[in-house]
Every structure is written in structure tokens, then in C-alpha cells.
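Note sheet for the following structure.
Along the sequence shown, residues carry numbers from 1.
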Amino acid sequence: MHVAGANTVLPIVDAAKYIKHTLCGFEARIINRGAIRISLNRRHNELNRALHFSLMSSVDSQRCGLRVIAAGMSKGNDPTSTAISECSESANEDILLFFFQLDLTTRIQCALNTDQYEIAQQLRSKLAEVEQEVARQRESKMGSTSSKDEAQDKAIAILRLRTDQQKAIEDEDYVYAAELRNKISKLEAESLAAAAKALAYQNVEYAFRLGQKVRHAVFGYRAVICGMDPLCCESSSWIENANVDKLSRGCNQPFYQVLVDVHADPSPLVAYVAEENLLKLDEPDLDRFDHPYIFLLFYGMDAAGDFIPIKQLREKYNRLRHEVPGEYDGNDVDSNKGTK
């Protein structure tokens, strides 16, 4: 197995500094919403210690990396501007919140190990705020309740309306009965849609897995899968801008959060891509892959060139660990040996 620092080529971007720079802006947006109050003072040192960075860093490479990223994001008339349409701020914020959770969880454990219980309690409070924000974002993407619960609630409402309709008919209040009939018809349509969405979430089959290297079918850039949704969970404006309705499967297919190789194409740093627009690689890809988030989400590369997701990332998406035949010797890279 190829691990970070051994056979994996390290990126030119110093992830610790880049994450600090990114999180500071992210925190400002969160604080403006009044959702999270997390101090990022000394974030550079804390992230280095807590998330165990092992990266090449220099002032020149950092400036170069950030300049390349900024230039890519500002391309307006470049042919790659269509690829930029798949950039997703919500996907990037989802990843950043995941970093917060990892960082705070590690700091809580460090505080407990050194008997700093008051600090640990303060960090737990911060972690609770982060988890509330994660829940808020999940609700924003998928609705305040699950589709299954929504379908059940609408079914109960329909039964109540039918009872009221029957009473209105018995009282010969036909105008009110007609109004109730229209409400019932609307709820039945919404209930059917909610049930179909719940079924899609329950029976979804993903063509790609976490850490898998892929290539964009249209724009050709290399990317790594770092998240997935059974359906498109973006806003209507994003869907329109990304021309999702022109896809053969539209929104009703899995969509993936992908990290784009910034060395080859710095334009869409984090993209949200439909399954039909991603291609599997025909052969193992052990070539250089640069992205500032890689070493936060993955242990390193396996023998096939794909990245090995950390245990917390697999748990987030309820995914099993993928094993390359003949690569593992029985020792799990996770601390919990044998965990799938």
C-alpha cells in the first residue's frame, strides 16, 4: 500500500496554510449567519498537530499554489468556465465542517488525555454547535424531515381530510367538500413524490466509491470522489447554471463531491458532478495528484492508485472499506482493526 510520505507525491500547496486561509473566510460566513462561534486563533499550529499534516511547505510554493487557485476561480471567458459551473460552495462548506468536526474531536481527546476537563467541556460545546450546523446543512439539502417521514405525514393528513370531506358531504356543504377534494389531490401528488424520493434514497446504487479516481466525461479533468448524494441536492439556481436539466438522467441520479486535480486544472476546486458525467479509469493511475484537502480526507494511495478514505469519512457516508485484492496483509490502516 502506498502511504502519504512514502510513494505518494506531495502537493505543492501547503494544506495547513491553505486550510487556515479558507476556514477563516468560512468562519466569517458562518458567524454572519449566527450558527457557529469557533475561534480560529492559532489554527495553523492546531491543524498541524490535530490532523497530522505531512506536507512539503515553503513560502514560494504556497504563494504559487494559492495564486494558481485564485487565477482558476477567476477565469470568466476561458473555455473551462463551463467546468466552473459545477463548482459547489455548499459541497466545499460541507467538507470544511467535516474538518471542524475532526479537529474538535481530536482536541477534545487531547484535553482529556492531559486532564484538562474544563477545556474539554468547552470544546464539546463547540463541537455540538458544529454538529448543529451539519444538521442544518443536511436539512437544507434534503428537507427538514426525511422523505419517508414526509410521505407518512402526508398520508396521515390525507386521512384527516377525507374524514372532513365525508362530514362536509353529509352536511351537504358541497363547496367545502370540493375544496377538501382539491387539497387531497394535491397532497396525494406530493405524497407520491416523497415516497418515490424515499425509495430512491433507500435503493440507490453508486457507480463510484469514496477515494476513487475518475475523469470528467466532458471536461476531461482528473478528480477524486470525496462525497456522494443519491440525488442532486443543490439549489435550483445551481442546477440551472450547471445545465443539469440537459443531462439524460437529470437530477434523479447520484451526484458526487469531487476534488479536482489543481495541478492540471485549478478551476473547479471542489465540484459537484452527476454520475453520468464521470468515467472510471481504464488503468491504475499512480500519477501526481494535487489538492489541499487530499491529506485531510485520505490516508494515501492504494496499489490501484485510488485514495484510501479515512474511517470518519467512510462512517459519514456509511461506506465499506474497499480492499484491493492481494494488497492488504490483515492490518487495517484504521486504529480499529477489522472495521469495515
Side-chain angles (χ1 to χ4, degrees), residues 1-19 22 47 51-58 61-62 64-73 80 83-84 86-88 91-92 94-96 98-99 207-228 256-273 275 277-310 312-314 317 319 321-324 327 333:
M1 178 181 68
H2 300 278
V3 296
N7 297 325
T8 303
V9 178
L10 298 177
I12 61 171
V13 179
D14 182 342
K17 294 179 182 178
Y18 176 77
I19 293 300
T22 305
L47 282 174
L51 301 180
H52 312 293
F53 289 124
S54 177
L55 301 175
M56 290 170 25
S57 63
S58 69
S61 66
Q62 172 65 12
C64 177
L66 291 178
R67 184 166 58 250
V68 168
I69 292 172
M73 295 300 290
T80 60
I84 296 177
E86 291 183 336
C87 288
S88 173
N92 191 52
D94 181 70
I95 295 172
L96 292 175
F98 182 66
F99 293 161
F208 305 99
R209 64 182 181 275
L210 292 173
Q212 184 173 0
K213 285 183 180 176
V214 293
R215 186 172 296 279
H216 199 288
V218 178
F219 308 123
Y221 61 69
R222 297 160 65 234
V224 173
I225 305 292
C226 67
M228 53 193 64
Y256 298 85
Q257 296 177 5
V258 301
L259 306 180
V260 181
D261 181 9
V262 298
H263 178 70
D265 185 354
S267 304
L269 186 64
V270 178
Y272 194 58
V273 187
E275 188 171 83
N277 275 343
L278 295 176
L279 300 174
K280 295 180 179 179
L281 303 182
D282 296 330
E283 297 181 355
D285 179 7
L286 299 175
D287 293 340
R288 169 180 181 168
F289 190 98
D290 287 346
H291 197 285
Y293 294 170
I294 280 292
F295 291 91
L296 299 171
L297 298 173
F298 305 100
Y299 291 115
M301 283 197 298
D302 61 24
D306 294 324
F307 285 94
I308 305 168
I310 62 174
Q312 295 91 330
L313 185 62
R314 289 192 282 108
Y317 292 100
R319 300 285 96 189
R321 188 188 66 210
H322 174 74
E323 296 188 7
V324 178
E327 179 183 15
V333 290

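- D94 CG to F99 CZ: the interatomic distance, rounded to the nearest 0.5 Å, is 10.0 Å.
- Side chain of R215 to main chain of G220: a donor-acceptor pair is present (N/O by atom type, distance under 3.5 Å, no hydrogens or angles).
- In this structure, the separation between OH on Y317 and CD on Q312 is 13.5 Å, given to the nearest 0.5 Å.
- Of all non-hydrogen atoms in L286 and G305, the two that sit nearest each other are CD2-CA, 3.4 Å.
- A donor-acceptor contact closer than 3.5 angstrom links the side chains of E86 and H216.
- A donor-acceptor distance shorter than 3.5 angstrom exists from the side chain of H291 to the backbone of L269, with no hydrogens or angles considered.
- Inter-residue side-chain proximity for V270 and L259 is flagged as met; some heavy-atom pair is nearer than 4.5 Å.
- Each of H322, M301, R209 was evaluated against D306; a single residue qualifies, R209, per the side chain to side chain contact (heavy atoms under 4.5 Å, CB included) test.
- In this view, E275 and A207, F208, R249, Q253, P254, Y256 satisfy the side chain to side chain contact (heavy atoms under 4.5 Å, CB included) rule, not counting sequence neighbours.
- The side chain to side chain contact (heavy atoms under 4.5 Å, CB included) test with K213 is passed by exactly one of V224, D287, V258: V224.
- Residues N277 and F219 form no side-chain contact, since every pair of their non-hydrogen atoms from C-beta on lies 4.5 Å or further apart.
- Nearest approach of Y221 to A271, heavy atoms of both residues: OH-CB, 3.7 Å.
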Q: Evaluate the side-chain contact (heavy atoms from CB on, under 4.5 Å) criterion for residues R321 and R314: first the C-alpha distance (whole Å), next the side-chain angles of each, then the deciding distance (0.1 Å), finally the verdict.
A: CA-CA 7 Å; R321 188 188 66 210; R314 289 192 282 108; 3.9 Å; yes

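- Taken to the nearest 0.5 Å, the CG atom of L313 stands 11.0 Å off from the CG atom of L296.
- For the residue pair I310 and Y299, the shortest heavy atom distance occurs at CA-CE1, 3.5 Å.
- Nearest heavy-atom pair across L210 and G227 is CD2-N, 3.7 Å.
- Side-chain contact between I225 and F307: absent, with no pair of heavy atoms (C-beta onward) separated by less than 4.5 Å.
- Listed by chain and residue number, D261, D285 satisfy the salt bridge (Lys or Arg N to Asp or Glu O under 4.0 Å) test with R222 (two or more places apart in sequence, or in another chain).
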Q. What's the verdict on side-chain contact (heavy atoms from CB on, under 4.5 Å) for N92 and Y293, showing C-alpha distance, side-chain angles and the deciding distance?
A. CA-CA 10 Å; N92 191 52; Y293 294 170; 2.8 Å; yes

